[in-house]
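The structure under discussion appears below in the form of structure tokens.
Side chains included, hydrogens not; waters and symmetry mates left out as well; all remaining heavy atoms used.
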Amino acid sequence: MNVWQIQLQIMDFRKISNLSVDCVIFGLGSDNLSVLLEKRSLNLYNDNYPIIDDWILPGENVFKSNSLGQSADKILKEVTEDFFSNKKQFRTYGSHKRVKSDKDLLWVRSQGAEARTITVVYYLTMPQENITIASDSNFKWFPVESLPEVGFDHQLIIHDSYEDLKTKITTEPVLFDLVPIKFTLNELQTAFEILLNIELDNRNFRKKTLTKPYIVPLDDKKKVAGSKKPSKLYMFSKDVYEKIAEKDFMIGTILALMLKFFLC
């Protein structure tokens with residue numbers, strides 16, 4: 001019997017054996033964007049089977065009684081007791097090539113799942129400091145540009161999620177999920193520069209940022225290391241942003257209709 005035939009565990013009857021949810025959790029640190037991975041370990045102490053000692057995305061097969069969103073919330077709760085409402089359902093992965101190695105298949109069998117499993121991916125963004133990882137935890141942060149050995153197609157999933165995040169930063173307010181609720185303009189600029197791997201002119205960035213009505217100045221200030229003066233704090237107003245977005249959409253729709261009228 002080889003690794004491709006072994007069946008180590010019967011699937012929990014409460015779960016769907018070929019449907020899972022994986023969560024890509026991005027955390028912004030002081031100098032890089034990282035992703036949270038979970039340790040994957042298995043040793044059967046048999047030379048016929050490989051030792052599994054690598055990393056995967058937090059995930060699990062979906063309970064029959066749970067929705068996909070509830071499954072994602074359950075996974076996130078295993079990471080932290082904090083509740084995050086900014087998770088986004090991203091993409092579904094179901095290729096027959098998702099199980100790429102003997103290690104992957106052995107792990108699948110050890111969980112009682114099916115070799116070909118459809119995975120629905122959620123991702124969310126936050127300041128890295130918002131999640132405290134215990135020293136004995138199975139979870140660890142890794143820079144997205146420097147990943148360890150990762151199982152299944154999870155490296156592809158991380159890459160795709162990261163590319164989608166970089167695209168959305170110019171069209172949606174995802175940047176504000178990566179900074180504290182009360183942030184300085186330098187923190188906002190740093191988040192932008194790290195995410196897109198670019199360097200911005202400080203004065204020009206501040207000038208443009210302060211024209212945005214959804215970036216609200218506060219009376220509070222924050223002491224910043226290396227600076228003699230405390231920095232002014234700001235907050236993102238979702239209500240103001242949504243009103244502006246709705247107005248822009250209406251104007252865009254009206255202009256499109258007018259253009260269509262004149263072209264007819």
Side-chain angles (χ1 to χ4, degrees), residues 1-26 35-80 84 87-125 131 133 137-142 144 147-165:
M1 182 179 295
N2 59 34
V3 69
W4 299 96
Q5 299 169 316
I6 191 169
Q7 181 72 34
L8 296 178
Q9 180 174 310
I10 303 300
M11 185 67 173
D12 187 332
F13 71 92
R14 298 171 300 171
K15 296 181 178 181
I16 303 173
S17 61
N18 65 342
L19 178 63
S20 65
V21 165
D22 286 326
C23 292
V24 183
I25 304 172
F26 290 116
V35 62
L36 194 66
L37 298 179
E38 183 176 9
K39 188 72 171 176
R40 181 174 75 160
S41 300
L42 180 67
N43 189 347
L44 296 179
Y45 300 98
N46 186 318
D47 292 339
N48 294 321
Y49 306 116
I51 296 174
I52 300 176
D53 185 28
D54 55 15
W55 299 86
I56 55 176
L57 291 168
E60 64 175 28
N61 283 75
V62 175
F63 277 88
K64 297 175 182 177
S65 59
N66 285 355
S67 67
L68 294 173
Q70 288 171 329
S71 299
D73 288 337
K74 182 176 180 295
I75 294 166
L76 295 174
K77 193 171 183 180
E78 292 175 358
V79 178
T80 176
F84 298 100
K87 67 179 185 298
K88 298 173 178 64
Q89 188 180 120
F90 170 51
R91 189 176 294 176
T92 299
Y93 292 79
S95 170
H96 64 287
K97 297 180 180 180
R98 296 195 65 225
V99 174
K100 301 185 298 183
S101 66
D102 284 358
K103 288 182 180 181
D104 290 341
L105 187 64
L106 182 60
W107 182 258
V108 167
R109 298 306 188 203
S110 74
Q111 304 301 305
E114 294 186 21
R116 184 169 185 178
T117 295
I118 296 171
T119 289
V120 179
V121 174
Y122 286 78
Y123 75 76
L124 69 156
T125 53
I131 294 184
I133 306 300
S137 170
N138 289 329
F139 300 101
K140 185 177 179 181
W141 291 107
F142 291 93
V144 292
L147 296 176
E149 182 182 352
V150 182
F152 301 113
D153 56 352
H154 290 187
Q155 185 163 350
L156 172 65
I157 292 175
I158 294 168
H159 173 270
D160 290 347
S161 301
Y162 182 32
E163 291 301 313
D164 187 72
L165 176 60

* Interatomic spacing from OG in S41 to CG in D53 - rounded to 0.5 Å -> 5.0 Å
* To do: Write down the atom of N61, the atom of A113, and the distance for their closest heavy-atom approach.
  => OD1-CB, 3.9 Å
* Considering all heavy atoms of both residues, which atom of L57 and which atom of L36 are nearest to each other, and what is their separation? -> CD2-O, 4.4 Å
* To do: Could you list the residues that satisfy side chain to side chain donor-acceptor pair (under 3.5 Å) with D160, not counting sequence neighbours?
  => R91, Y93
* Using the six-membered ring wherever Trp is involved, compare the ring planes of F90 and Y123 and label them parallel, tilted or perpendicular (cut-offs 30° and 60°). => perpendicular
* Asked: What's the shortest heavy-atom distance between F13 and K64, and which atoms?
  -> O-NZ, 2.9 Å
* Asked: Which residue pairs satisfy the salt bridge (Lys or Arg N to Asp or Glu O under 4.0 Å) criterion with at least one member in residues 147-158, sequence neighbours excluded?
  -> R98-D153, K103-E149
* To do: Using a strict cut-off of less than 4.0 Å between a Lys/Arg side-chain nitrogen and an Asp/Glu carboxylate oxygen, indicate whether R40 and D104 qualify as a salt bridge.
  => yes
* Asked: Do you know which two heavy atoms are closest between G69 and Y122, and how far apart they sit?
  -> N-OH, 3.3 Å
* Structure fact -> Here the pair of heavy atoms bringing L105 nearest to V99 is N-CG1, 3.6 Å
* Does atom NZ of K77 have more than 12 heavy-atom neighbours from other groups under 6.0 Å away? -> no
* Asked: Do other residues, nucleotides or ligands put more than 12 heavy atoms under 6.0 Å from the CD atom of E114?
  -> yes
* Does atom CD1 of I51 have more than 12 heavy-atom neighbours from other groups under 6.0 Å away? -> no
